[in-house]
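Reading through the structure tokens given below for one structure.
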Amino acid sequence: AQSVTQLGSHVSVSEGALVLLRCNYSSSVPPYLFWYVQYPNQGLQLLLKYTSAATLVKGINGFEAEFKKSETSFHLTKPSAHMSDAAEYFCAVSANTGNQFYFGTGTSLTVIP
Amino acid sequence: GAVVSQHPSWVICKSGTSVKIECRSLDFQATTMFWYRQFPKQSLMLMATSNEGSKATYEQGVEKDKFLINHASLTLSTLTVTSAHPEDSSFYICSARVTPSGANVLTFGAGSRLTVL
């Protein structure tokens, strides 16, 4: 069985500040992990993915995430927030060969000017 | 990269009518597509898995006669909301699994907002 937990349904940061969105996973098999971003009234866009290669994954728009097996975490970070980063962020887990993707409940990021 | 096109983006219909939403994979073939429903400020709820050439697999609690899914080709899956009612109003999102070299990535359509009056 697999699941993800996103701590904090809402996160607010000042423009230029560090962004940290938390995701913890549970998986009985080696997981594939993903972060997706959703802007209002749009579908989900893949930010980055971990597929058992490098544990530090770099994605689009300056985001990165680190897979920590010992902590079962896959937190998303960005050194300096931009106004355009305001959106809903979803963490997801999948088995490496399965069809099923399990999404977290999402974290809404607000960037304060 | 792989693109999933979803149409229409917005649809308003009267209660009791049926609405069809199309999901197309552009530049790649998708033997499997997924349909999600998203309520305001909530996560995605998987409704069903659409398999090309066979019946869709519905998640528990999803009415298969209400939400008809057809996946007649490797690039097109359709979701038909039959006899729609106001409680069916929602944001529906499709996705397709892109598997180059075994990587398991979902690509999403832009979503379809259904409003039933």
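Each chain gets a letter, A, B and so on, in the order its sequence line appears, and its residues count up from 1.
By a heavy-atom distance cut of under 4.5 Å, not one residue of residues 61-71 of chain B is near chain A. Among the residues in residues 102-112 of chain A, those with a non-hydrogen atom closer than 4.5 angstrom to a non-hydrogen atom of chain B are A:Phe103, A:Gly104, A:Thr105. Below 4.5 Å, heavy atoms of chain A meet heavy atoms from B:Ala110, B:Gly111, B:Arg113, all part of residues 110-117 of chain B. At a heavy-atom separation below 4.5 angstrom, chain A is approached by B:Trp10 within residues 5-15 of chain B.
Listed options A:Ala92, A:Gly43, A:Ser9 were ranked by heavy-atom pairs under 4.5 angstrom with chain B; first place goes to A:Gly43.
A chain of hydrophobic side-chain contacts below 4.5 Å, direct or via other Ile, Leu, Val, Met, Phe, Trp or Tyr residues, connects B:Tyr58 to B:Val81. One hydrophobic cluster, built from ILVMFWY side chains closer than 4.5 Å, cannot hold both A:Phe101 and A:Tyr25; they sit in different ones. Criterion: ILVMFWY side-chain heavy atoms under 4.5 Å apart, direct or through other members. Under it, A:Tyr39 and A:Leu48 are part of a common hydrophobic cluster. No continuous path of ILVMFWY side-chain contacts below 4.5 Å connects B:Leu76 to B:Ile21, so the two sit in separate hydrophobic clusters. B:Met47 and B:Phe34 are members of different hydrophobic clusters when ILVMFWY side chains are connected at heavy-atom separations under 4.5 Å.
Proximity to chain B is limited to the side chain of A:Leu46, based on heavy atoms less than 4.5 angstrom apart. Heavy-atom distances place the side chain of A:Gln38, and not its backbone, under 4.5 Å from chain B.
Annotation: the span from A:Phe90 atom CZ to B:Phe108 atom CZ amounts to 9.0 Å, rounded to 0.5 Å.
Using a 4.5 Å cut-off on side-chain heavy atoms (C-beta onward), B:Leu106 and A:Phe34 make no contact. The closest side-chain heavy-atom distance from B:Phe91 to A:Gln42 is not below 4.5 Å.
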- Task: Mind running side chain to side chain contact (heavy atoms under 4.5 Å, CB included) on A:Leu44 and B:Thr107 for me, showing each step along the way?
- Result: CA-CA 8 Å; A:Leu44 275 68; B:Thr107 298; over 6 Å; no
